[in-house]
Amino acid sequence: MSKQNKKPLPHSVTKSELIEMYCNQFSETKIRNQINEILKEKKISKDVKMIPHLEFVEFVETYGLPKGYYYDDD
């Protein structure tokens, strides 16, 4: 798949957006549990709606780029 058909990976996302990005790869429960685990390790409330950038990057590095996205290096 070429870059034209893909979207650049956002800087940070909400939990709903994260679930949407990965729903074709993992169950919603798994995605939610894993991001909550990362947030808990960083002492961030799991009730936040917006996932901070570094925690989002950690999720992506652990589970791979979501299908249809690319790293925007520009």
Side-chain angles (χ1 to χ4, degrees):
M1 192 187 275
S2 71
K3 237 182 183 183
Q4 282 92 356
N5 302 342
K6 295 185 175 190
K7 295 183 261 188
L9 194 68
H11 184 73
S12 60
V13 293
T14 63
K15 282 191 182 173
S16 306
E17 290 168 331
L18 184 74
I19 289 164
E20 210 171 283
M21 291 164 80
Y22 282 94
C23 67
N24 60 357
Q25 291 160 264
F26 306 107
S27 71
E28 180 176 336
T29 307
K30 176 175 176 148
I31 298 164
R32 197 175 293 280
N33 289 345
Q34 294 311 122
I35 195 59
N36 286 344
E37 193 59 39
I38 292 170
L39 293 171
K40 193 172 95 181
E41 285 169 13
K42 306 287 194 231
K43 311 252 185 293
I44 298 168
S45 168
K46 69 178 179 63
D47 299 327
V48 297
K49 294 276 178 269
M50 197 73 192
I51 301 162
H53 175 67
L54 292 174
E55 286 64 34
F56 174 54
V57 168
E58 183 176 333
F59 187 95
V60 172
E61 285 176 350
T62 304
Y63 294 98
L65 269 175
K67 290 185 176 107
Y69 288 83
Y70 64 90
Y71 283 113
D72 191 8
D73 302 329
D74 304 335

Quiz item: Roughly how far, to the nearest 0.5 Å, is the CD1 atom of I19 from the OG1 atom of T14?
Solution: 8.5 Å
Exercise. Compare every heavy atom of C23 with every heavy atom of I31, then report the nearest pair and how far apart it is.
Key: CD1-N, 4.0 Å
Quiz item: Of all heavy-atom pairs between S12 and P52, which one has the smallest distance, and what is that distance?
Solution: CB-C, 4.3 Å
Exercise. Could you grab the distance from atom CD of E28 to atom OG of S16, nearest 0.5 Å is fine?
Key: 8.5 Å
Self-check item: Gap separating the CD1 atom of I38 from the NZ atom of K42, nearest 0.5 angstrom
Solution: 7.5 Å
Exercise. Apply the test side chain to side chain contact (heavy atoms under 4.5 Å, CB included) to residues L39 and K15: give CA-CA distance (whole Å), side-chain angles for both, the deciding distance (0.1 Å), then the verdict.
Key: CA-CA 11 Å; L39 293 171; K15 282 191 182 173; 3.8 Å; yes
Exercise. Hey, could you give me the OH/CD distance between Y22 and Q34, rounded to the nearest 0.5 Å?
Key: 12.0 Å
Quiz prompt | Inter- and intrachain pairs under side-chain hydrogen bond (donor to acceptor under 3.5 Å, both in side chains), touching residues 43-55, at least two apart | solution = H11-H53
Quiz prompt | Residue that, paired with M21, satisfies side chain to side chain contact (heavy atoms under 4.5 Å, CB included) out of L9, V60, L65 | solution = L9
Quiz item: So with a 6.0 Å cut-off around CD of E20, is the heavy-atom count from everything else above 12?
Solution: no
Quiz item: What's the spacing between L18 CG and M50 CE if we round to 0.5 Å?
Solution: 10.5 Å
Quiz prompt | Residue pair Y69, K7: steps toward the side chain to side chain contact (heavy atoms under 4.5 Å, CB included) verdict | solution = CA-CA 5 Å; Y69 288 83; K7 295 183 261 188; 3.4 Å; yes
Quiz prompt | Non-neighbouring partners of Y63 that pass ring pair (Phe, Tyr, Trp, His ring centres under 6.0 Å), sequence neighbours left out | solution = F26, F59
Exercise. With sequence neighbours excluded, tell me which residues meet side chain to side chain contact (heavy atoms under 4.5 Å, CB included) with T62.
Key: E58
Quiz item: Can you tell if the side chain of Q25 reaches within under 4.5 Å of the side chain of P66, non-hydrogen atoms only?
Solution: yes
